[in-house]
Structure formats: C-alpha cells, structure tokens
Amino acid sequence: MNPLRVLVAEDNEDHRYLMVRALRKAALMPLEIREARDGAEVLDQLRRTESQGEPLPHLVFLDLKMPKMDGLEVLRRVKNAPAFAQIPVVVLTSSDRQEDIDAAYEFGTNGYVTKALYGDLPDSLSSTAEFWTVWAKLPGLAA
Amino acid sequence: LGIELIRTAVIVAFLGLAIVVFWHWRRDRSPATLWASLMFAVLGSGLVASTLTPPDPTGLDLVVSRLAGIAIVVLPYLLFRFSTSLSPVTRRTHAFAALVSGVAVLATAVVQHPPSGAPRPGWYQLYLIGILGVWTGLSAWVVWRLARSGQGKPTVAQRRMWTLALGAGTLNGALLFAVLSPTTNSVAYLLALGSAGLFFLGLSPPRAVRSMWRRDDEDRLRKAQWDLMAATTRAEVVNSMLPYARKQLGGESAIFVDRDGSVVSDTPGRRVDDLRDVALSSHADAGGLDVHDDTVVLTLREGRLAMVISPYMPLFGQDELEVLESFGILVDLALSRVALYEDERRARAQAQATRTELEELLYGISHDLRSPIVSVLGYVDCLAEDYGEELGDEGRHFLDRLHSNTAYMDQLISDLLELSRAGRVQEGEEAVDLEAVAAQVADELAAEHPDTTLIVKDLPTVMISPARARQLLTNLMRNAVIHSGRPDVTVSVTSVPATEPGHDCVAIRDDGQGIPPADRQRVFGIFEQLAAQDGVRGQDRRRPSTGIGLTISRKIVERAGGKIWFADVDTGAEVRVSLPSALPMNTRALGETTP
C-alpha cells in the first residue's frame with residue numbers, strides 16, 4: 001500500500017511534534033509526513049517537489065499564524081497555482097474567530113480545524129486526513 | 001398765493017434735506033453725503049435768493065439774482081460729484097464735467113438778461129439752450145448711472161438707488177419746465193416738491209418704507225437661519241452664511257477665516273486673495289464690524305468674515321450691516337454648537353479606534369498565551385499514554401490534576417476573550433425562536449451528561465443576535481447542569497409571565513443544590529464562582545467552568561436590551577431572562593385572547 005503523503009506546516013516546534021505524533025497514532029495507513037517551519041517553506045517544498053518530478057503531497061495541514069508568509073497568503077498562492085490547486089489544504093489553527101474562518105474559506109481551504117492538541121485531536125486529525133485522501137477521491141490526484 | 005405756498009414748501013423741503021443729509025454726513029463722514037448736502041443747500045438757497053429779488057433787479061439785488069442763477073446752473077455738477085463719489089469715474093470724465101459746468105457758470109455770471117416780459121433775443125435763446133443742454137446731459141448721465149448701480153445690490157440699497165435716480169430725473173424735469181416757460185409755473189414747483197420727496201426717500205428712508213423694501217431680504221434671512229440650525233459641520237455653517245452675507249451686502253467675494261487664521265470657505269471674486277489679510281488686520285472685538293472703503297470685516301468669537309463690497313454700501317448699507325451683526329451672533333452660536341459636535345464625533349472615533357486596537361491586542365495575547373498551554377496539554381496526554389503504566393496511581397492522579405488545571409487556564413483565556421467580545425461586537429439582532437435554540441443545546445448537553453433530564457417547553461421568539469442567543473442558552477443550561485451538585489439533575493427551560501411590556505421572559509430551573517440568596521447577585525460578577533461548587537469542576541473535563549459564563553450571559557442580555565436575575569426559589573436554582581419580544585405587542589395580545 002502506497003503511503004499517504006502529508007505536509008504539515010506549523011512554526012511552533014511543539015505543536016508540530018504533537019500533530020505529527022497524533023497523525024501517526026491514529027492513521028489507518030502508512031504515512032509519509034513532511035514538515036514546513038514557515039509559510040515560504042510550504043511553497044518552496046511544493047515547487048521543488050514538482051520540478052524534480054516527484055509526487056506531490058496528498059494533503060496539506062496549514063497553520064494560519066506563521067512567520068515569513070502568513071497561512072492565508074500561502075493558501076491563496078497554492079489555490080491560484082494550476083499545478084497545486086487540487087491538493088486539499090486543511091487549515092489547522094488555534095483561532096476560532098469568525099473572520100478567520102470566513103477568510104480561510106474565501107481563499108479556498110478544504111477544511112478548518114480548531115487546534116486543541118490534546119483530547120480528541122488525534123481522532124479528528126486522522127478522520128480529516130482520511131476524508132480528504134480516501135473518500136473525497138478528487139479527480140486528477142496522483143495516488 | 002397758491003404758488004407762493006408751493007414755492008415756500010419746496011424751499012423748506014430742500015433746505016430741510018440739506019440739514020438731514022448733513023446730519024448723516026456727521027455720522028458717516030463720506031464724501032457722497034457731503035456732496036448731496038451741499039447740493040440741497042445750494043438749491044435751497046438759490047431758490048431763496050430768486051424769491052427775494054425783484055423781477056428786474058439792480059445793484060445788490062442783481063448780484064443776488066446772479067448768484068441764484070449760478071446756483072441753479074451748478075446743480076447738475078454737484079449731482080455729478082455726488083454720484084461719482086459713490087462709484088468713481090475716469091479723470092477725463094471728471095475734467096469734462098468740470099469744464100462744461102465751468103463754462104455754464106461763467107456764462108451765467110456775465111450774461112445780460114433781457115427785462116422780464118420783453119422778447120428774448122437770439123443769442124439769449126442760444127445761451128438758454130446751451131445751459132439746458134449741459135443741465136439735461138449731466139443730469140441724465142447721473143440718473144442713468146444711479147439706476148445702473150442699483151443692479152445686483154441688496155434689495156434696500158437697490159430701491160434707494162432707483163429712488164434717487166427717479167428724484168434726479170424729476171428735478172431735471174422741474175427745471176426744464178421752469179426755464180422753458182416764461183412765466184412762473186406751478187407744475188415746475190410741484191415736480192420739484194416731488195423730487196425733494198424722492199430724494200428724501202432715497203437718502204433717508206423712513207423705517208416703514210425700509211421694512212417694506214426689505215421683505216425679500218427677510219425671507220432670505222429666515223432661510224439662512226434655518227440652514228444654520230440644520231448645519232452639523234463648520235463648513236456647512238459657513239457655507240450657509242457666506243451666500244446670505246454676500247447677498248445682504250451686495251458683496252462680490254467673501255471669505256471666512258477661523259481663529260487660527262486658516263480659511264474655512266471662500267466665495268471667489270474680485271480681490272479674494274487679499275481678503276485673508278484684510279480679515280486678519282481687523283482689530284474689532286467679537287461682534288464688531290470694521291467697514292473700509294470697499295471691504296467689511298465682521299469679527300465673531302469663532303472667526304472672521306471678510307467681504308469685498310460695493311462702494312455704495314458704507315452709505316446705504318447701515319441697516320444691512322446691523323442685520324448682519326445680529327446674524328453674526330447666530331453664526332457664532334451655530335459654530336460653537338458644531339464645534340461641540342465635532343469634538344464629540346472625534347472622541348467617539350478615537351474611542352472606537354482604541355476599542356478595536358484593544359480587541360486586536362486581547363486577541364493577540366490570548367492566542368500567544370494559549371499556544372504554550374496547548375503544548376503542555378498535548379505533552380501531558382503523551383505522558384499519560386506512553387508512561388501512564390509506569391507512573392502508578394498517584395503519578396496518574398498528578399497528571400490528571402495537571403491536565404485539569406491547565407485546561408482550566410485554557411478555558412479561562414477563551415472566556416476572557418469571549419467576554420470582551422460579547423460586550424463590544426455589534427451584532428445584528430433578529431427574531432430568534434428560543435425554543436429551537438434551547439432544544440439543540442439540550443441535545444448536546446444530553447450527549448455529554450447522559451444522566452441529566454432536560455425539558456424545553458413553549459419558549460418565545462425574541463429579538464437577539466442568533467449566535468449570542470445560542471451562547472446565552474448554552475452558558476445558562478450548562479451552568480445549571482454543572483453547578484447542580486448532582487449528576488441526575490433535572491433542568492427545565494420554560495416560558496414565564498413577562499415582567500415588563502414588550503418583553504418575554506424565560507426561566508432556566510434546576511433541582512440542584514441552589515444558590516444561597518446572599519450570593520445570587522454576586523455570581524454575575526467576573527470570576528465569581530461559589531466555593532461549594534469548586535469540587536464539581538472536574539465533572540466536565542473538556543469544558544471546565546471558569547465562572548465567567550454568567551458575566552458573559554449578563555452582557556449578552558443587557559446588550560440585547562434585556563435583564564437577567566436569579567428568581568427567589570426555595571429549592572434548586574432558577575435564572576430568569578427577560579428579552580425584547582419579536583412580536584409587536586398588539587399582535588401578541590390578540591394571539592393571547594384567541595383560544
């Protein structure tokens with residue numbers, strides 16, 4: 001079974017560790033997880049992967065408040081680039097402000113999960129990942 | 001005898017005019033009034049002189065008679081000077097008028113009058129025609145100029161100009177009559193009397209005539225006053241004042257500078273660029289007028305109005321200036337009222353900006369504070385999962401306390417943020433069916449607390465923001481469950497009789513341990529959580545109670561225009577919420593009487 005490729009964009013090292021751990025723990029399939037420490041790195045990684053002819057990630061988890069490039073800006077650029085537009089991006093943030101939620105959907109996010117890296121989070125992360133990679137079956141997405 | 005009477009009346013009228021106008025001159029010191037006064041004095045004394053001399057004078061009588069003739073001949077020149085001191089003409093025109101008048105005076109001084117009754121020789125006829133030509137030409141020119149100058153002037157000044165022009169024309173007609181007919185003629189005297197009356201009206205119009213002439217101006221004043229009252233900014237005040245003041249004084253360009261010397265508004269026109277300097281150079285106190293040759297400056301408490309005016313104004317605009325002065329007081333009032341408005345508006349905008357900034361700051365702080373808490377909670381979970389076995393019972397208990405305390409801190413920060421939002425964010429109110437909202441909340445609570453019984457019955461539709469209604473009911477119903485002190489609590493949400501007209505009232509009741517009467521008001525304060533319930537906090541691990549819930553609830557209710565309080569009950573606790581009804585009162589009353 002091919003591993004599920006997930007890109008986790010998160011500037012806080014602890015949060016990133018806990019997220020990756022939660023994903024691995026709840027995953028129903030093998031995972032290939034990559035990490036990005038800021039907004040610019042997300043775009044760099046995607047561009048490099050594409051130019052080297054490697055398979056793109058199946059799913060991106062994106063924090064909103066990040067240095068170098070704001071999560072919303074990353075989202076806008078990913079969704080406006082024809083090569084990346086079909087990659088599902090799920091915003092994972094500690095903000096539950098309505099204006100942030102509205103903005104994220106306006107910029108084309110595929111999901112919005114409020115961060116609480118304890119309790120039910122592993123389950124909700126893995127079910128989100130499962131939905132966007134196994135059940136959504138987006139057209140043109142390389143397996 | 002009739003003719004004698006009329007002639008005396010004419011003499012008295014012109015001498016009287018001379019005195020009245022001279023009195024005016026003593027007040028305004030303008031060349032125009034001096035010339036006018038001189039003109040009437042010369043005319044009056046000329047008439048007196050001709051009355052006193054016999055028809056065929058000799059000796060001293062002859063000199064007096066000659067002087068009377070010169071007085072009549074020089075009259076149009078005086079009229080000319082009167083009109084040109086109001087509106088200047090070229091030097092050449094001046095020289096021409098002086099030359100022609102001089103020749104006429106000289107001719108009158110030397111000419112040999114034929115004895116009365118004797119036929120007039122040809123040269124004498126020629127002399128008469130010449131004198132009449134000069135007379136008529138100059139007078140007609142003055143009449144034309146006066147009439148034309150009235151155009152574009154304020155109503156009263158305009159009417160006065162036209163009256164003066166008519167007076168000059170009538171006087172000319174009178175002299176024509178007198179000269180052309182060889183015998184003494186009552187028509188000439190009657191015309192002269194009429195002309196004196198017209199001059200009097202034009203130069204010193206009685207109050208009644210003036211107020212009749214001013215009726216149009218008063219309508220304009222009323223409109224300007226109305227605009228002043230409606231104005232809400234300084235520019236609006238000034239912009240409703242300038243056109244009025246301009247029209248009132250027949251001004252050409254106008255400007256308003258504030259106390260700092262900056263121009264608030266201007267009406268472009270001749271010399272508008274100099275007006276600021278003119279305004280600033282005035283030394284008048286507030287309420288004072290500074291009238292120069294062709295400018296006028298009205299000093300107010302809030303600034304200065306400066307205007308370029310027609311040269312006729314200092315003579316004819318006294319009334320207008322007085323009206324303008326009292327209008328200035330209204331402008332001052334309007335300006336200080338508007339200044340208060342503007343201060344208040346600025347303060348409100350500033351307060352709004354500060355609030356927005358504060359909210360951003362609060363949001364930023366809470367976000368940054370929550371981040372490490374979330375990490376701690378995550379690692380506590382990791383520790384419990386991976387090393388829980390090795391820690392033993394006591395170790396696991398420590399972890400549990402660590403978790404619930406950190407979770408409490410997390411909730412505290414969220415609630416503080418929510419509290420600051422609940423009072424501040426302006427949200428649209430709409431008709432919300434509380435029953436539907438309460439039923440949803442009850443379903444959620446039932447899932448979390450399976451042993452509780454939740455009853456929702458017959459709730460009203462009220463005016464509130466839908467999101468806030470949900471938050472309110474969640475807070476109150478969850479409070480009832482958590483703080484009841486027993487897992488099998490029964491919570492009922494029902495409609496109760498309203499306490500004030502136009503409102504609906506809802507009661508949230510539980511059969512728990514209740515709240516002592518002394519504490520019922522205190523619990524609405526921030527961080528107030530009754531000691532007895534502390535132990536229960538652990539009941540809801542994901543949503544520990546911070547005690548801010550009731551404070552938020554009160555803010556939500558008050559924001560929607562309602563009230564919240566604890567009812568006086570013996571067992572359990574009962575919160576009552578009164579909110580503005582969504583249904584118009586009469587409809588509701590109708591609905592109540594229908595079975």
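Chain A is the first sequence line, chain B the second, and so forth, proteins listed ahead of strands; every chain is numbered from 1. Only heavy atoms go into these numbers, but all of them, side chains included; no hydrogens, no water, no symmetry mates. None of these values were measured; they are calculated from a predicted model.
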Heavy-atom pair with the smallest gap, counting every atom of A:Leu18 and B:Gly378: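 Heavy-atom minimum between the residues: CD2-C, 3.6 Å.
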Closest heavy-atom pair and its distance - B:Tyr379, A:Asp14: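 Where B:Tyr379 meets A:Asp14 most closely, the heavy atoms are OH-OD1, 2.7 Å.
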More than 12 heavy atoms from other groups under 6.0 Å of [atom1] on [X]:
| X | atom1 | value |
| --- | --- | --- |
| A:Tyr105 | OH | yes |
| A:Glu99 | CD | yes |
| A:Glu13 | CD | no |
| B:Gln350 | CD | no |
| A:Tyr17 | OH | no |

Rounded distance (nearest 0.5 Å) linking atom CG of A:Asp63 with atom OG of B:Ser371: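 Answer for the CG-OG pair, A:Asp63 versus B:Ser371, is 8.5 Å.
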From A:Ser94 atom OG to B:Leu369 atom CG, the distance as rounded to the nearest 0.5 Å: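 If we round to the nearest 0.5 Å, A:Ser94:OG and B:Leu369:CG are 11.0 Å apart.
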Note, A:Arg21 side chain near B:Asp381 side chain (heavy atom, < 4.5 Å):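 No, every pair of side-chain atoms sits at 4.5 Å or beyond.
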Side-chain touch B:Ser375/A:Asn12, heavy atoms, less than 4.5 angstrom: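 Heavy-atom side-chain distance check passes, below 4.5 Å.
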